[in-house]
Asks: 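Let me begin by handing over the structure; questions about it come next.
Values reported hereafter were calculated over all heavy atoms of this structure, with side chains retained and with hydrogens, waters and symmetry mates removed.
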Amino acid sequence: MTATDSGLEPLDPAYVADVLSRPPFVQIPGVCNVRDLGSYPTATPDVVTKPGYAYRSAELSGITEEGARKMVSLGILTVFDLRSDPEMMKYSSPIPTIEGVEVIPTPVFKSEDYSPEKLAKKFELYATGTTESFMILYSQILDHGGPAFGTILRHVRDKPNSPFIFHCTAGKDRTGVIAAILLKLAGVDNHFISQDYSLTRVGREPDRAKVLGRLLKEPLFAANSEAAMRMLTSRYETMRAFFNLLEEKYGGVETYVKTYTKLTDEDLKTIRSNLVVPTKSRM
């Protein structure tokens, strides 16, 4: 992957395999785009985000028995599913049953947001692939996502020793927004958060054919696979633009969280503390 990568062409399989074999990627058979949000440096010297605590991924619907065992072995006993019911039905991707694991439905959007008309408008924006279009879409995620994000943040506040994973369908947009919020609250620099976001370019490659196949069934994309691939881009500069949006429209991450999730300054202090560890704890 180069600085001039368009995000549209398939990546070299050997390169993908190499990147996916190393942190922050985590291998959970049957699940794509799994990453550990731990070990990122923060604004506090010698303090990093807590490894093995907060994970992000694409949908878990295809998890295998081996994958379920791996997830449990990592201590991940709580799943936050950011998808909506109509989305799961549309793609025949139901919530899996994993012994010992609680899956908590935390949809960002309500069912009515999946009407054909609203979906068509979203797809039209995604199809352009422009940063401006993604900011319209990410603003919608922020506007609707308060209750879902609040549920995840309250888990961090109340259960600092209970690892969890959150996901949407591709593990890019809704997942990317709450991942950015978590890392930002932990004090991670925008540069590292944007790098994490851009890793979905590699993380989604194993599911490329499956996701593209789904999208090509949509009228907008049926004769335009390039437009479908533009929907899946995850460029570094998109996340940088997101931070400008978060600051200019919502007053920054703390103001956004307090306004849309009703958490308090004291809650945020606890959440920040629970998301980080001293670097010496990794020795």
Side-chain angles (χ1 to χ4, degrees), residues 26 28 30-37 53-63 71 76-98 101-114 118-119 122-123 125-126 134 136-157 159 162-185 193 196-197 199-200 203-204 207 210-211 214-215 231-232 234 238-239 242 246 253 256-257 260-261 263 271 275:
V26 177
I28 296 180
V31 185
C32 190
N33 203 18
V34 185
R35 302 203 289 281
D36 183 349
L37 293 183
Y53 179 57
Y55 296 84
R56 58 178 294 173
S57 74
E59 64 188 25
L60 302 186
S61 305
I63 193 168
M71 202 163 81
I76 303 172
L77 303 182
T78 304
V79 175
F80 296 100
D81 191 334
L82 301 170
R83 302 174 300 161
S84 301
D85 288 339
E87 183 180 3
M88 288 183 254
M89 290 186 285
K90 182 180 180 69
Y91 298 127
S92 299
S93 54
I95 294 174
T97 299
I98 305 171
V101 175
E102 181 183 15
V103 180
I104 302 173
T106 44
V108 168
F109 294 108
K110 296 177 181 178
S111 294
E112 52 265 33
D113 293 313
Y114 285 85
K118 290 188 177 180
L119 270 182
K122 281 188 180 182
F123 283 149
L125 283 168
Y126 274 123
F134 275 111
I136 294 172
L137 292 158
Y138 286 11
S139 185
Q140 292 172 2
I141 290 172
L142 288 170
D143 290 343
H144 290 84
F149 299 158
T151 299
I152 294 171
L153 291 168
R154 285 175 174 84
H155 176 93
V156 176
R157 181 193 65 188
K159 299 181 178 181
S162 298
F164 63 98
I165 193 168
F166 54 93
H167 71 89
C168 50
T169 294
K172 180 174 81 76
D173 300 313
R174 287 161 292 183
T175 297
V177 167
I178 182 58
I181 288 170
L182 287 165
L183 291 172
K184 189 79 173 164
L185 287 174
I193 303 174
D196 172 73
Y197 172 83
L199 286 174
T200 287
R204 67 168 168 78
D207 267 2
K210 181 182 80 174
V211 175
R214 284 179 179 177
L215 291 177
M231 177 175 173
L232 298 175
S234 51
T238 301
M239 184 49 64
F242 170 76
L246 188 61
V253 67
Y256 168 78
V257 168
Y260 284 80
T261 72
L263 288 163
I271 288 166
L275 283 170

Asks: Could you go through the side chain to side chain contact (heavy atoms under 4.5 Å, CB included) check for Met71 and Val101 one step at a time?
Replies: CA-CA 9 Å; Met71 202 163 81; Val101 175; 3.8 Å; yes
Asks: Side-chain contact, heavy-atom cut-off 4.5 Å: Leu37 with Phe166?
Replies: yes
Asks: Calculate, to the nearest 0.5 Å, the distance between atoms CG and CZ belonging to Leu215 and Phe123 respectively.
Replies: 6.0 Å
Asks: Does the Asn33 side chain pair with the main chain of Gly171, one donor and one acceptor, at a distance under 3.5 Å?
Replies: yes
Asks: Measuring from Leu77:CG to Phe164:CZ, what's the distance to the nearest 0.5 Å?
Replies: 13.0 Å
Asks: Looking at Cys168, is its backbone amide N or carbonyl O close enough to the side chain of Thr175 to form a donor-acceptor pair, meaning the two atoms are under 3.5 Å apart?
Replies: yes
Asks: Between Arg154 and Gly150 (side chain of the first, backbone of the second, donor and acceptor by atom type, cut-off under 3.5 Å), is there such a pair?
Replies: yes
Asks: Please check if atom NZ in Lys159 has more than 12 non-hydrogen atoms from other residues, nucleotides or ligands closer than 6.0 Å.
Replies: no
Asks: If I take atom CD1 from residue Ile181 and atom CD1 from residue Ile193, how far apart are they, to the nearest 0.5 angstrom?
Replies: 10.0 Å
Asks: Just so I know, are the side chains of Val34 and His167 near enough to count as touching, which here means a heavy-atom distance under 4.5 Å?
Replies: no
Asks: When rounded to the nearest 0.5 angstrom, what distance separates NZ in Lys118 from CD in Gln140?
Replies: 9.5 Å
Asks: Quick check: do Ile178 and Val108 have side-chain heavy atoms less than 4.5 Å from each other?
Replies: no
Asks: Using only atom types and a distance under 3.5 Å, with no angle test, would you say the side chain of Thr238 pairs donor to acceptor with the backbone of Ser234?
Replies: no
Asks: To the nearest 0.5 Å, what is the distance between CG (Asp36) and CG (Asp196)?
Replies: 10.0 Å
Asks: Evaluate the side-chain proximity of Asp143 to Tyr260: yes if any heavy-atom separation is below 4.5 Å, no if none is.
Replies: yes
Asks: Using side-chain heavy atoms (C-beta onward) and a distance below 4.5 Å, is Leu183 in contact with Tyr197?
Replies: no
Asks: Show your working on side chain to side chain contact (heavy atoms under 4.5 Å, CB included) between Thr169 and Arg214 and close with a plain yes or no.
Replies: CA-CA 11 Å; Thr169 294; Arg214 284 179 179 177; 3.5 Å; yes
Asks: Rounded to the nearest 0.5 Å, how far apart are CG of Leu153 and OG1 of Thr261?
Replies: 6.0 Å
Asks: Between Arg56 and Leu182, is a side chain to side chain contact (heavy atoms under 4.5 Å, CB included) present by the stated rule, with each step listed?
Replies: CA-CA 11 Å; Arg56 58 178 294 173; Leu182 287 165; over 6 Å; no
Asks: Backbone N or O of Glu102 within a donor-acceptor pair of the Thr78 side chain at under 3.5 Å?
Replies: no
Asks: Before you tell me yes or no, could you show the steps for Arg83 and Ser93 under side-chain hydrogen bond (donor to acceptor under 3.5 Å, both in side chains), namely the whole-Å CA-CA distance, both residues' side-chain angles and the distance that decides it to 0.1 Å?
Replies: CA-CA 10 Å; Arg83 302 174 300 161; Ser93 54; 3.0 Å; yes
Asks: Evaluate the side chain to side chain contact (heavy atoms under 4.5 Å, CB included) criterion for residues Ile141 and Phe149: first the C-alpha distance (whole Å), next the side-chain angles of each, then the deciding distance (0.1 Å), finally the verdict.
Replies: CA-CA 10 Å; Ile141 290 172; Phe149 299 158; 3.8 Å; yes
Asks: Does the Tyr256 side chain pair with the main chain of Leu142, one donor and one acceptor, at a distance under 3.5 Å?
Replies: yes
Asks: Side chains of Thr200 and Arg35, heavy atoms from C-beta outward: is any pair under 4.5 Å?
Replies: yes
Asks: Should the pair Lys122-Glu87 be classified as a salt bridge under the 4.0 Å nitrogen-to-oxygen rule?
Replies: no
Asks: Any heavy-atom pair between the side chains of Tyr53 and Val156 that's under 4.5 Å?
Replies: yes
Asks: What heavy-atom pair brings Arg204 and Leu232 nearest, and what distance separates the two atoms?
Replies: NE-O, 3.1 Å
Asks: Using side-chain heavy atoms (C-beta onward) and a distance below 4.5 Å, is Leu60 in contact with Ile28?
Replies: no
Asks: Work out which heavy atom in Pro94 is nearest to a heavy atom in Ser61; give both atom names and the distance.
Replies: O-OG, 3.0 Å
Asks: If only atom types and distance count, is the side chain of Lys172 paired as donor or acceptor with the main-chain N or O of Met231 below 3.5 Å?
Replies: yes
Asks: Of Ile95, Thr106, Val103, which is the lone residue that meets side chain to side chain contact (heavy atoms under 4.5 Å, CB included) with Val79?
Replies: Val103
